[in-house]
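Before any comments, here is the structure.
Counting starts at 1 for both ligands and their atoms, in listed order.
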Amino acid sequence: MHTFVSDGSMSIDEIIEKAKQRDVKIVAITDHNRLDTWEEFKEKAAKEGLIPIRGVEINTKHKDKVLHLLAYGFNDDEGLFGLIDQANREMKRRNHDLLEHLARDYEEISIEGYRAYNYNRRKLGWKLPHYMLDRGVVSTLPETFPYYRKYPCNFGLYDFPALGELCVAIKGAGGYSVLAHPSEYYGDLGREDLVKVLKGIREEGVQGIECYYPSHSKLMTETCLAFCKEHGMLITVGGDEHGGLPREGKPDKSIGCMHKRRDEVDIEVLLEGAGDSPR
Ligand SMILES: [Zn+2]
């Protein structure tokens, strides 16, 4: 789940409230490349009778792609935190590069204007797309995505931490690495090719796969489950709640949407292994 510290629209309190309403008992907040929700979340969740798991979602380079890697149940660790900062820095650099290109081509856009732009973090999503929308460069938020390709701001051009290096750091911090939503990058592959890429990911040290995810096809879920079982990898579930209402034609990603019981996923390992999480 994501709060407005990254690209979600909800506060920690609202996430806890919604989890309680939906009868969700174990919760991980996994803001993108950000660690600053944990202390507050840990305290408040425990008071409300929820079991919190420390989490973060990190941009990482693997072959020709930039993937999202989830880290769960890790302790404070300089090496890991350095890599997370690196990912955060590169995301900001990419954002700034696009802004500079736009400022050159669109008179409605300027770097000073962007800095002064009062972005309401509760709006869901990142600041620059909202600025483009409010300045009239686009008329819907999804129309902003192609601009990162139109201008040379592809993820591949940035120095995100490498997958193998990141897995070593997560393990070193006593945590677990899990590939987030494989369908986002490998959704078009057939079973055989999918198994091939999962093998490559496992070889880099990834310990688990988010097998259950709202937009996964039956083939994706089944292939990931079978792969995890065969190789002793962790099976996890993610609803990926960002707040807001489900978009038309998109699967519901609200808290508890996946309806998984504690014994259907490898949650106990995450709870036991986490030095800084309650057992
Ligand atoms: Zn993600």
Given His2, which partner from the list Glu241, Arg34, Glu57 fulfils the side-chain hydrogen bond (donor to acceptor under 3.5 Å, both in side chains) test? Glu57
Just say parallel, tilted or perpendicular for the rings of Tyr147 and Tyr151, cut-offs at 30° and 60°. parallel
A cation-pi test, strictly: NZ or CZ of Lys127 under 6.0 Å from the centre of the six-membered ring of Tyr117 and no more than 45 degrees from its axis. Yes or no? no
Donor-acceptor contact present, side-chain His242 to main-chain Asp240, <3.5 Å: yes
Which residues and atoms, protein N, O or S only, are under 2.8 Å from the Zn ion (ligand 1)? Glu57 OE2, His68 ND1, His181 NE2
Exercise: identify the closest heavy-atom pair between Ile209 and Cys224: CG2-SG, 3.9 Å
Applying salt bridge (Lys or Arg N to Asp or Glu O under 4.0 Å), run through Lys44 and Glu48 and close with a yes or a no. CA-CA 6 Å; Lys44 287 183 168 169; Glu48 297 293 330; over 6 Å; no
